[in-house]
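Order of appearance sets the numbers: ligands from 1, and atoms from 1 within every ligand. Index from 1, following the sequence. What you see is a predicted model; the values in this text were computed from it and never measured.
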Amino acid sequence: MLDRRQVLAALGTSALVALAPTALLAAASIKPDDASALLVIDVQNCFLPGGSLAVKEGEQVVPVINKISKAFSNVVMTQDWHTPGHVSFASVHSGKKPFETIDLPYGKQVLWPDHCVQGTDGASLSKDLAIPHAELIIRKGFHKDVDSYSAFLEADGKTSTGLAGYLKGRKIKRVFVAGLATDFCVAWTALDARKAGFEVYVVEDACRGIDTQGSLAKAWADMAKAGVKRIQSADIAASA
Ligand code: VGL
Ligand code: ZN
C-alpha cells in the first residue's frame, strides 16, 4: 500500500497546484442564476423576539437573509396571514393549549398561540429585512378552516396558493428556502417545491426552528429523503 507521502510524491507538485484553486473555491460554489429564486419564509414580527410565537434566535436569520438576497435576481417573500379565530389557534378549541394537536378533516393539526392575524403589526414583515428587489409577497393561511405552512399548497393538500404557477411562468427551476420556521413553514415549502418539480436548497443558517415534539429532526429527515439539498449561506457565491 502507498502511504500519503508516496501518493503526494506520485501526484507531483503540478497536480497539487492544479487542485488547490478548486478546493479554495468550494466554500462558495453555488451561483444563483436567472432560473433561481430565493424564497424568504415568514420573517414576521410574531415569529421574532417579543412576538406571540417567537422562534428561538429568529432574529439571527435577518442579516443572513439580507446578505444572500443580493446574490438573487428573483426573491419571493411569504407572510403567514390568518383570519381572527383561525382554526390553527389553540384559543378557538375549548380545553386545548398551544402545542397540543387535534384531528381536523385534513389531518393532524398542531395548535398555536394566536399569531399573524391579517393586518396586525405581528403579521408585518420584519422592518429589518432589507430586500427592496423582492418581486412578490405571497400570503398563506388566510382560509379560516385550513392552515398553510407551505407556500405552495394549503394543509388540505390540494388548494394551491398559485406560487408554483408563478415560478414556472417566470421559468424558475431552482428555489433556495430561508426563514422561519425550519421545521414548519420552511420544511413544508421545501417538500412541496420538490413535489412541484423544482431543485430545492434549504439554507440552514438562514433558518431557525420551533422544535416541538421532535419536529426539527423529523423535518430534516423528511427533506433529505425528498432530495432537498441542505446548504449554508457561505456556500452561495456573493453575486448573481
Ligand atoms: C409557522 C407555525 C404556525 C411557520 C406558521 O411560519 O413556520 N409555524 N404558523
Ligand atoms: Zn400560522
Side-chain angles (χ1 to χ4, degrees), residues 38-62 64-65 76-93 96-102 104 106-126 129 137-157 159 161 163 175 177-193 200 202-220 222-223 228:
L38 176 65
L39 307 183
V40 178
I41 305 299
D42 297 4
V43 184
Q44 293 167 269
N45 295 332
C46 275
F47 300 120
L48 294 167
S52 60
L53 182 41
V55 178
K56 191 166 173 254
E57 300 178 350
E59 76 286 1
Q60 294 184 17
V61 306
V62 175
V64 182
I65 291 172
V76 172
M77 309 212 259
T78 68
Q79 268 180 310
D80 211 33
W81 198 249
H82 299 311
T83 61
H86 190 258
V87 71
S88 73
F89 296 170
S91 61
V92 305
H93 303 277
K96 291 287 181 184
K97 290 201 269 306
F99 306 102
E100 291 180 358
T101 56
I102 53 163
L104 290 179
Y106 56 78
K108 203 168 161 174
Q109 171 73 50
V110 181
L111 297 174
W112 305 106
D114 288 23
H115 65 279
C116 296
V117 173
Q118 297 166 3
T120 63
D121 184 57
S124 296
L125 293 169
S126 167
L129 281 174
I137 298 173
I138 192 142
R139 291 170 168 171
K140 61 187 180 61
F142 52 78
H143 289 128
K144 191 172 190 181
D145 297 322
V146 189
D147 206 358
S148 189
Y149 297 143
S150 164
F152 290 91
L153 273 189
E154 298 189 10
D156 63 2
T159 307
T161 64
L163 181 56
V175 298
V177 193
L180 304 170
T182 319
D183 39 349
F184 289 92
C185 294
V186 168
W188 288 51
T189 296
L191 292 168
D192 281 348
V200 183
V202 169
V203 189
E204 183 171 14
D205 60 323
C207 303
R208 288 294 185 282
I210 293 174
D211 203 10
T212 174
Q213 298 164 37
S215 55
L216 190 57
K218 183 179 185 308
W220 282 119
D222 290 347
M223 289 192 282
V228 171

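When Ser215, Gly209, Gly58, Cys185 are ranked by how near their heavy atoms come to atom 1 (C) of ligand 1, first place goes to Cys185.
Residue-to-ligand polar distances place Asp42 within reach of ligand 1: an N/O pair is separated by less than 3.5 Å. Here's the thing with Ile210: none of its N/O atoms is less than 3.5 angstrom from an N/O atom of ligand 1. At under 3.5 Å, not a single nitrogen or oxygen of Phe184, backbone or side chain, sits near a nitrogen or oxygen of ligand 1.
Taking the six-membered ring wherever Trp is involved, the centroid distance between the rings of Phe142 and His86 does not fall below 6.0 Å.
Here Thr161 contributes atom OG1 and Glu154 contributes atom CD; the two are 8.0 Å apart, rounded to the nearest 0.5 Å.
Counting atoms of ligand 1 from 1 in the listed order, those under 4.0 Å from a heavy atom of Leu180 are 4 (C), 6 (O), 7 (O).
With a 4.0 Å cut-off on non-hydrogen atoms, Ile41 does not touch ligand 1 at all.
Among the backbone and side-chain atoms of Asp80, an N/O/S atom is found under 2.8 Å from the Zn ion (ligand 2). The Zn ion (ligand 2) has His82 among its coordinating residues (N/O/S atom, backbone or side chain, under 2.8 Å). Not one N, O or S atom of His86 sits under 2.8 Å from the Zn ion (ligand 2).
At distances below 3.5 Å, at least one donor-acceptor pair connects side-chain atoms of Asn45 with backbone N or O atoms of Asp121. For the pair Gln44 (side chain) and Asp80 (backbone), a donor-acceptor distance under 3.5 Å is present. In terms of modelled atom types and a separation under 3.5 Å, the side chain of Gln79 and the main chain of Ala123 share a donor-acceptor contact. Side-chain N or O atoms of His82 include none that pairs as donor or acceptor with a backbone N or O of Cys116 at under 3.5 Å. Using a distance-only test at 3.5 Å, with no hydrogens or angles considered, no donor-acceptor pair links the side chain of Thr78 to the main chain of Ile138. Looking only at distances, no side-chain donor or acceptor of Glu204 sits under 3.5 Å from a matching main-chain atom of Thr182.
Remark: minimum distance from atom 5 (C) of ligand 1 to any protein heavy atom is reached at Asp80 OD2, 3.1 Å.
Distances from ligand 1 to the non-hydrogen atoms of His115 include at least one value under 4.0 Å.
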